[in-house]
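Read through the structure below, which is laid out as structure tokens, and then see the notes.
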Amino acid sequence: MKTYALILILWAGWTCKSEAGSKSVRLAEDVSVQSEAKISLHIPPQLEGKRLQVQLSKLTAQKPPETLFELSLRCDSDKRSHHLGYINFFNAVRGLGREPTFAFDLPDLTRISCPSESLYLMIEPSEAVAPDSFPRIGCVSIRKDGVTSKR
């Protein structure tokens, strides 16, 4: 049986400023991906109809998780899934001085035809995560395509 870590959306008033002064909207902070993570993907009005990216930053782990993590959009109302890509924690081990960042283009959400309350970003390990690795994502945000956020 899979364990879900449901992360409620926290976008109201929480932003990641970009170098150009534009804003990204933070969806979640300090997300554990020791098992599957499910993050509500509510697009705020100021970003609707724009080309968007999801950004995962400040990745950390106590030791290498020894697996990749798949990112996908999932529509709970009809169980459809849209693959976005993979992330890894190979350079995210604490003490190395690195906190990798990954960004993925989101598909045109108007073509997915999924009610916003049913749309989730899923982060799932490809295989069993190494014990005691404790992989975490410090910030999950949505931003306009082409905007670079500060780390």
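For reference, positions follow the sequence shown, starting with 1.
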Nearest heavy atoms of Val31 and Ala37, plus distance in Å:
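The pair with the smallest heavy-atom distance is CG1-CB, 3.8 Å.
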Looking at every non-hydrogen atom in both residues, tell me the closest pair between Glu36 and Pro125 and how far apart they are.
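Nearest pair, atom of Glu36 first, then Pro125: N-CD, 4.1 Å.
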Drop me the distance from [X]'s [atom1] to [Y]'s [atom2], to the nearest 0.5 angstrom.
X: Leu27; Y: Ile39; atom1: CG; atom2: CD1; value: 7.0 Å
X: Lys144; Y: Leu52; atom1: NZ; atom2: CG; value: 9.5 Å
X: Arg136; Y: Ser32; atom1: CZ; atom2: OG; value: 4.5 Å
X: Leu59; Y: Thr101; atom1: CG; atom2: OG1; value: 7.5 Å
X: Ser81; Y: Asp76; atom1: OG; atom2: CG; value: 10.5 Å
X: Leu119; Y: Leu106; atom1: CG; atom2: CG; value: 8.5 Å

Using side-chain contact (heavy atoms from CB on, under 4.5 Å), reason through Leu71 and Leu56 one step at a time and then give a plain yes or no.
CA-CA 10 Å; Leu71 269 72; Leu56 296 93; 3.3 Å; yes
With sequence neighbours excluded, give me every ring pair (Phe, Tyr, Trp, His ring centres under 6.0 Å) pair touching residues 57-80.
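Pairs touching residues 57-80 that pass the test: Phe69-Phe89.
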Tell me the ring pair (Phe, Tyr, Trp, His ring centres under 6.0 Å) pairs involving residues 92-115, sequence neighbours left out?
none
Would you please name every residue forming a side chain to side chain contact (heavy atoms under 4.5 Å, CB included) with Ser133, sequence neighbours left out?
Gln34, Lys63, Pro65, Val129, Ala130, Pro135
Applying side chain to side chain contact (heavy atoms under 4.5 Å, CB included), name anything that partners Tyr86, two or more places apart in sequence or on another chain.
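Partners of Tyr86 by the side chain to side chain contact (heavy atoms under 4.5 Å, CB included) criterion, ordered by chain and then number, come out as Leu68, Glu70, His83, Ser126.
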Are any non-hydrogen side-chain atoms of Asp105 and Gln53 less than 4.5 angstrom apart?
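Side-chain contact under 4.5 Å: yes.
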Hey, are the side chains of Val33 and Ile87 touching, using non-hydrogen atoms and a 4.5 Å cut-off?
no
Looking at residues at least two apart in the chain, or sitting in another chain, which of them share a salt bridge (Lys or Arg N to Asp or Glu O under 4.0 Å) with Asp132?
none
Thr60: which residues meet the side chain to side chain donor-acceptor pair (under 3.5 Å) condition with it, sequence neighbours left out?
Arg94
